[in-house]
Student: 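Take this structure, written in structure tokens, and hold onto it; I'll ask about it next.
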Amino acid sequence: MPEYNTLDDLEDGQRVLVRLDLNSPVEDGEVQDNNRFDRYSETVAALADADHKVVLMAHQGRPGRDDFVSLQQHADILAEHVGKPVEFVADTFGEDAIAAIESLEAGEILLLENTRMTDDELPEKDPEEHADSEFVKTLAPHFDAYVNDAYSAAHRAHASTVGFPLVLPAYAGLVMEREYEYNTSVANKEFDGPVTMVCGGNKSEDVISVVNNLGGKVDNFLLGGLPGELFRRAQGYPVGHDLEGMDLLDGQWDETKDTLEDLVENRLDEFGLPVDFAYEGDDGDRAEIALEDIEEKEDAYLDIGHDTIEDYLPYIEESDAVFVKGAVGVFEDERFADGTVELISAIAESDCFSVIGGGDTARTLDLYDIDEDEFDHVSIAGGAYLNALTGKELVAVEVLKANA
Ligand SMILES: Nc1ncnc2c1ncn2[C@@H]1O[C@H](COP(=O)(O)OP(=O)(O)OP(=O)(O)O)[C@@H](O)[C@H]1O
Ligand SMILES: O=C(O)[C@H](O)COP(=O)(O)O
């Protein structure tokens, strides 16, 4: 029984305001199609098919950054995925927006302008304060219901995520429902056999947070990416140093050194750590070096090596549940994708319960043609996925629950 209202509780034929998370990569001003559009098209189509007047809100980028652009292109991309027109109005809650909302017929879809283009959306505030903003007070009377499907923005207390559910009957959308159920499963579900988590990426803080919060739930943490190097550095190996002109590892080392040293001293039996690394050889090809042969760091290590992959595979094969947080190498470059692709493929082949995240890592499936259906869940969230894994509440989900 869900702890919040879902689309099953929503009567047909209403005026529905829907919060999506269409935040996407923008390259040279062009919004890049990605799996968020595909996922959201299901919710949007379901609402349109139920004869609702469907008005969508979403954000793109952050003010001051290059990716802070209009949602005009998002409307066109979404329309392709939904298979129906998606109107766009370049206004958030002014006269043009209201006119466009009021002229909508049952089953039609309208996307409003980037929510972060109104000052009322940011910064983080209490739901009550957001509910009292002009943005919420102006738009809400034009609707019968609010649907939040923006799971990946559910850790943000913004007007569009926490203000509207205080003044309108609120429902979780299809993406929200599925993400919430699966991403909290490592914290809330019981598994009969071993539970393994593959942790990589480029943020050691994220991995420390996962390791500290899930010690009792996860039996094996298989480490790669930057955290893999820094855990080895904490044991005294000369890895995890920045090369000239880079600033990824040494800064993180300064911030996390004490915690990492404590973890490798006291909880070593929970960790799988790299025994070899891949780097770019003189000819530009992938080269590998064993940890024990590294005398002094001379190269940037961009993937776990094949001996490490072989060490890790049995853990995956023997687990009842496997979760992924972060890629174990720079998978965007084919030369350094072996670790990530081989581990994720092994999860796909196993019949264990499996969840793949976060935002960057899920792209591996698209890039290397790995079928999403092989996993129980592939998350499209980054920060919200991390919060859910580590048992932290998501403010927008809590507001939905309070409104149920
Ligand atoms: N050894 C490495 N050196 C540098 N970058 C690495 C290394 N291993 C993995 N990465 C990079 O880490 C990135 C993914 O890291 P991140 O921690 O952001 O994971 P994520 O959870 O998938 O994403 P997000 O939290 O942004 O949603 C990838 O883009 C990958 O290229
Ligand atoms: O893409 C995301 O992870 C979400 O949309 C959150 O974006 P934000 O970190 O800019 O709030």
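In this text, all values refer to a predicted model and were calculated from it rather than measured experimentally. Read the numbers this way: they start at 1 and go in the same order the structure lists the ligands and their atoms.
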Student: Less than 6.0 angstrom separating the ring centers of Phe331 and Phe336, yes or no?
Tutor: no
Student: Would Gln32 and Ser24 satisfy side-chain hydrogen bond (donor to acceptor under 3.5 Å, both in side chains), going step by step from the backbone distance to the final call?
Tutor: CA-CA 6 Å; Gln32 305 296 303; Ser24 301; over 6 Å; no
Student: Would you confirm whether the ring centroid of Tyr182 sits within less than 6.0 angstrom of the ring centroid of Phe375?
Tutor: no
Student: Would you sort out whether Phe221 and Tyr315 count as a ring pair (Phe, Tyr, Trp, His ring centres under 6.0 Å), showing the intermediate values?
Tutor: CA-CA 10 Å; Phe221 296 97; Tyr315 287 98; over 10 Å; no
Student: With atoms numbered from 1 as shown, which atoms in ligand 1 lie under 4.0 angstrom from a non-hydrogen atom of Gly201?
Tutor: 9 (C), 12 (O), 14 (C), 15 (O), 16 (P), 17 (O)
Student: With nothing but distance in play, are any N or O atoms of Tyr301 less than 3.5 Å from an N or O of ligand 1?
Tutor: yes
Student: For Tyr385, does the six-membered ring have the charged nitrogen or CZ of Lys325 within the cation-pi criterion, i.e. under 6.0 angstrom from the centroid and within 45° of the normal?
Tutor: no
Student: Looking at Gly61, is its backbone amide N or carbonyl O close enough to the side chain of Asn23 to form a donor-acceptor pair, meaning the two atoms are under 3.5 Å apart?
Tutor: yes
Student: In ligand 1, which numbered atoms sit nearer than 4.0 Å to a non-hydrogen atom of Gly382?
Tutor: 27 (O)
Student: Report, in ascending order of atom number, the atoms of ligand 1 lying under 4.0 Å from any heavy atom of Thr361.
Tutor: 19 (O), 20 (P), 22 (O)
Student: For residues 395-404, which side-chain donor-acceptor pairs fall under 3.5 Å, sequence neighbours excluded?
Tutor:
from: Glu398; atom 1: OE2; to: Lys401; atom 2: NZ; distance (Å): 3.2
from: Lys401; atom 1: NZ; to: Tyr180; atom 2: OH; distance (Å): 3.0
from: Asn403; atom 1: OD1; to: Ala170; atom 2: N; distance (Å): 3.2
from: Asn403; atom 1: ND2; to: Pro165; atom 2: O; distance (Å): 2.1

Student: Counting heavy atoms only, which of Ala300, Gly329, Gly225 is nearest atom 10 (N) of ligand 1?
Tutor: Gly329
Student: For atom 27 (O) of ligand 1, grab the closest protein heavy atom and report residue, atom and distance to one decimal in Å.
Tutor: Gly359 N, 2.9 Å
Student: Using the six-membered ring wherever Trp is involved, compare the ring planes of Phe231 and Phe271 and label them parallel, tilted or perpendicular (cut-offs 30° and 60°).
Tutor: perpendicular
Student: Using heavy atoms and a threshold below 4.0 Å, how should the contact between Tyr385 and ligand 1 be classified: side chain, backbone, both, or neither?
Tutor: neither
Student: Can you see which heavy atom on Tyr146 is nearest to which on Met57, and at what distance?
Tutor: CE1-CE, 4.0 Å
Student: Could you please spell out the steps behind the side-chain hydrogen bond (donor to acceptor under 3.5 Å, both in side chains) verdict for His241 and Arg233?
Tutor: CA-CA 9 Å; His241 296 273; Arg233 190 169 170 188; 3.2 Å; yes
Student: Which heavy atom of the protein is the closest neighbour of atom 21 (O) of ligand 1, given with residue, atom name and distance?
Tutor: Lys325 NZ, 2.4 Å
Student: Please write down residue, atom name and distance for the protein heavy atom closest to atom 6 (C) of ligand 1.
Tutor: Val330 CG2, 3.6 Å
Student: May I ask you to say whether Arg335 pairs ionically with Glu288, meaning some side-chain N is under 4.0 Å from a carboxylate O?
Tutor: no
Student: For atom 28 (C) of ligand 1, which protein heavy atom lies nearest, and how many Å away is it?
Tutor: Glu332 OE2, 3.4 Å
Student: For ligand 2, what is the set of protein residues having any non-hydrogen atom at a distance below 4.0 Å?
Tutor: Asp21, Asn23, Arg36, His59, Arg62, Arg116, Ser152, Arg156
Student: What protein heavy atom lies closest to atom 25 (O) of ligand 1? Include the residue and the distance to one decimal.
Tutor: Lys203 NZ, 2.9 Å
Student: For atom 4 (C) of ligand 1, state which one of Leu226, Thr364, Val207, Asn202 supplies the nearest heavy atom.
Tutor: Leu226
Student: So, the side chain of His81 versus the backbone of Tyr40: is there a donor-acceptor pair under 3.5 Å, distance only?
Tutor: no
